[in-house]
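Keep in mind that this is a model prediction, so the values were computed, not measured. In what follows, chains are A, B, ... by sequence order, proteins preceding strands, each numbered from 1.
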Protein chains: 2
Amino acid sequence: MSGLQNVRRPATLASLAAELGVSRTTVSNAYNRPDQLSAPLRTRVLEAARRLGYPGPDPVARSLRTRKAGAVGLLLTEALSYAFRDPAATGFLEGLALACEAAGQGLLLVPVSPEHVDVTAVLQAGVDGFIVYSVREDDPHFLAVLERPVPTVVCDQPHGVEGVDRVGVDDRAGMLCLARHLTGLGHRRIGVLCMRLGAGRYDGPADQERQLGATYPVQRDRLAGLRDGLAEVGVDWAGVPVIERFLHSVDAAESAAAELLTAHPDVSAIVCTSDILALGALRYATERGLSVPEDLTVTGFDGVPEAARADLTTVRQPLLEKGRVAGEMLLERGERDRPRRVTLPTELVVGGTSAEPRAAQRFFSGW
Amino acid sequence: MSGLQNVRRPATLASLAAELGVSRTTVSNAYNRPDQLSAPLRTRVLEAARRLGYPGPDPVARSLRTRKAGAVGLLLTEALSYAFRDPAATGFLEGLALACEAAGQGLLLVPVSPEHVDVTAVLQAGVDGFIVYSVREDDPHFLAVLERPVPTVVCDQPHGVEGVDRVGVDDRAGMLCLARHLTGLGHRRIGVLCMRLGAGRYDGPADQERQLGATYPVQRDRLAGLRDGLAEVGVDWAGVPVIERFLHSVDAAESAAAELLTAHPDVSAIVCTSDILALGALRYATERGLSVPEDLTVTGFDGVPEAARADLTTVRQPLLEKGRVAGEMLLERGERDRPRRVTLPTELVVGGTSAEPRAAQRFFSGW
DNA sequence: TCGCTGAACCGTAACGGTTCAGATACGCGC
DNA sequence: GCGCGTATCTGAACCGTTACGGTTCAGCGA
């Protein structure tokens, strides 16, 4: 806990009213409804306010009475600072911020302790609604959000929560499209790097059981899309190595790529479930002296600016747009009879990191 | 305004107490001080809460009573989305977020309308303190923040506001150091790109009067540091062209570089008051077919990650650290007798974008 | 049996506003 | 002179909670 605490207000609406010998209503009106009192009196009120150091109506008290806080809460699974570090999150948040701005709403980043679970921050947030960005299905903070009697919009994951709007993309279809691009090039020996699949800290190979038990639907879907695409050309998913990393960073991905290629040196393409992971794979390839795409194809997912700079083959999703839509769904006035589900389009971006595999590897499928 | 409004709470602490035939205090204690009532009664309360759909104590009402909101407000001059777009801001915010997280405080991004001035959002923010990031001296939102009876910490600018803590770097000294690097290399014909110097939208050359009247102390100081450094080798500041841009973007900087080099083709070095501006200058050089640093030296300021990737000569400041210190200053418990001023160190980073000017240009000073 | 103690629980008074249904006075048309 | 609309201001209820200073009562030692 912090030592921060509001100083006692030097003057209140009531004390100001008493000083002037008018009612509290009048003082309130001086601030909120100038047309409800004569101009001279209003001036007198405002002048007295300045003289007594009255800073205007207290926002919290006003919120209590009006039942609106003027802010939207944002819940992330990761540490708060992640919001400013991950480019996919940043893009989303930029769009969300645009929507909030347009509606004059604040955006409250709710602190979640990465260490031990503590949902008090969620329960304490003075907000009119929540945006939940890509959290685990059974995230306790998320469950706490659902307890709160305010509207909620989920971005990406979890899926299909009752009474909650959602915006996202078709991860499975996007990945399927990418998979076809790769199989079309002739790739059959494929390795995968993916983000965390479950609550606990785990780094290493993710077998099928772990994949199916994943509590992150986005990862589940992206893997499923790839599996679908490979099945179309007869590649058995059981033989496809998947390496999981708990941390979503270039460094972590680099080590994952090392782990993958060490155990499976014959892989011709590394499919990553995010661009960040792909950037790590690229770095490992450079480190190891492998040429991309001649020796190795690398693909990502998301379409962040860094990926464009690296000319990465990836599946682009409209990150900023997703944020803006999320905000608008939450802030939109009017009745919403049923939870809305918005799916934004994805687009395959073929960059310079994917090409046909070497002749020796092509159409090989003898794992 | 948004249509978002809290649904009426299905049950309140009072109704729950009435239902159970206990006092409101007891219900409150069931949530906040479990040791103040017997375990069985607490269970009974919590059970009834679930049954009646009572979502736990209302955060706003609690805030009113306890006089703490559990959140810190953040004020930016720019549109809210800027926070996620500018890498220097992002670095700062990441550090700030770390500090907030550690203290369990939320971070409320206060929406400021870029179009017409409207300070209601500042007055409406339910926060225990404000962080003000790099705003103009006479920014009306900032003045509104000062009206609020909560502690405030300013980052970078404005300077020397009474009763307000500040964290920043010595911009003047940092730039002086950079200037000496350039003059040491032999540069005498120098052109400058700087960020906006005043409130109104203006793009173009900034004469000395405009420089001196700048309401952005950071820009003022950086220019002054350069002036000092040039004065040391006898270069008259009056002859140094300074091009100003209202928008802080690579695109804007590119056009500024064009403007500068068109009017002053004999410039051997472009000094930019930010890395973003420098990246724009680099892009213009590439576009125009100029080699950096052979044909042209380009320098930045800040030390953002993008600058490192571009191997830019710049002055690095500890962005993340600055954010964390700002947060800690605000959240720190204990009396603060007088406003604190923290100045963090800067460091000259010599990259590959600065070198000796061509022989023909060296030591020339005959403008 | 008495006095004392500590645990458990309660009543009241804020916290600082907003809101709505009046009250008052005033000007105006008839 | 009277009814009536209008502009201006007031009174009181209400928002939902927690802080504070009690009261009650079972248990215990003497």
Describe the nucleic acid contact of A/Leu37 in one word from base, sugar-phosphate, nothing, applying a heavy-atom distance below 4.0 Å. sugar-phosphate

Provide, to the nearest angstrom, the distance between the CG atom belonging to B/Leu16 and the P atom belonging to D/dT18. 12 Å

Is B/Thr26 close enough to C/dC9 that one of its side-chain N or O atoms is under 4.0 Å from OP1 or OP2 there? no

On DNA chain D, does the nearest nucleotide to A/Arg24 precede the nearest nucleotide to A/Ala39 from the 5' side, or the other way round? Give the residue. A/Ala39

Does B/Arg148 use its side chain to pair, donor to acceptor, with the backbone of B/Val122 at less than 3.5 Å? yes

Could A/Arg324 and A/Glu321 be called an ion pair, given the rule that one side-chain N must be under 4.0 Å from one carboxylate O? yes

Closest to the A/Ser28 side chain, choosing from D/dC9, D/dT10, C/dT18: C/dT18

Do A/Ser23 and A/Thr26 have side-chain N/O donor and acceptor atoms under 3.5 Å apart? yes

Examine C/dT19: is either OP1 or OP2 under 4.0 Å from a nitrogen or oxygen in the side chain of A/Arg33? Give yes or no. yes

Nearest-Å distance, CD (B/Gln124) to P (C/dT18)? 11 Å

Can you tell me how far P of D/dG16 sits from OH of B/Tyr31, to the nearest Å? 15 Å

B/Asp156 side chain to B/Gly168 main-chain N or O, any donor-acceptor pair under 3.5 Å? no

Classify the side chain of A/Thr25 versus the base of D/dG11 as yes if they form a donor-acceptor pair under 3.5 Å and no if they do not. yes

OP1 or OP2 of D/dC15 less than 4.0 angstrom from a side-chain nitrogen or oxygen of A/Arg67, does that happen here? no

Respond yes when some side-chain nitrogen or oxygen of A/Asn29 is under 4.0 Å from OP1 or OP2 of D/dT8, and no when none is. no

Side-chain N,O (B/Arg65) to OP1/OP2 (D/dA19) below 4.0 Å: no

For A/Lys68, is there any backbone N or O sitting under 3.5 Å from a side-chain donor or acceptor partner on A/Ser63? yes

Could you tell me how far apart A/Arg42 (CZ) and D/dA7 (P) are, to the nearest whole angstrom? 18 Å

Atom CG of B/Leu123 to atom C1' of C/dG17: distance rounded to whole Å? 15 Å

Tell me whether the side-chain N/O atoms of B/Tyr54 come closer than 4.0 Å to OP1 or OP2 in D/dT17. yes

Atom-to-atom span, CD of B/Gln36 to P of D/dC20 - whole angstrom: 13 Å

Take the protein atom NZ of B/Lys68 and the nucleotide atom P of D/dT17, then report the distance between them rounded to whole Å. 19 Å

By nearest heavy atom, map B/Leu64 and B/Asp35 onto DNA chain C; which one lands nearer the 5' end? B/Asp35

When rounded to whole Å, the CG to C1' distance for the pair A/Asn32 and C/dG16 reads 13 Å

Select one nucleotide: of D/dG16, C/dC10, C/dG17, the one nearest the side-chain heavy atoms of B/Val22. C/dC10

Considering only heavy side-chain atoms of A/Thr66, the closest of C/dT19, C/dC9, C/dC10 is C/dT19

Any A/Thr12 side-chain N or O less than 4.0 Å from OP1/OP2 of C/dG16: no

Could you work out which one of C/dC9, D/dT10, C/dG16 sits closest to the side chain of A/Asp58? C/dG16

Quick check: do B/Glu19 and B/Leu52 have side-chain heavy atoms less than 4.5 Å from each other? yes

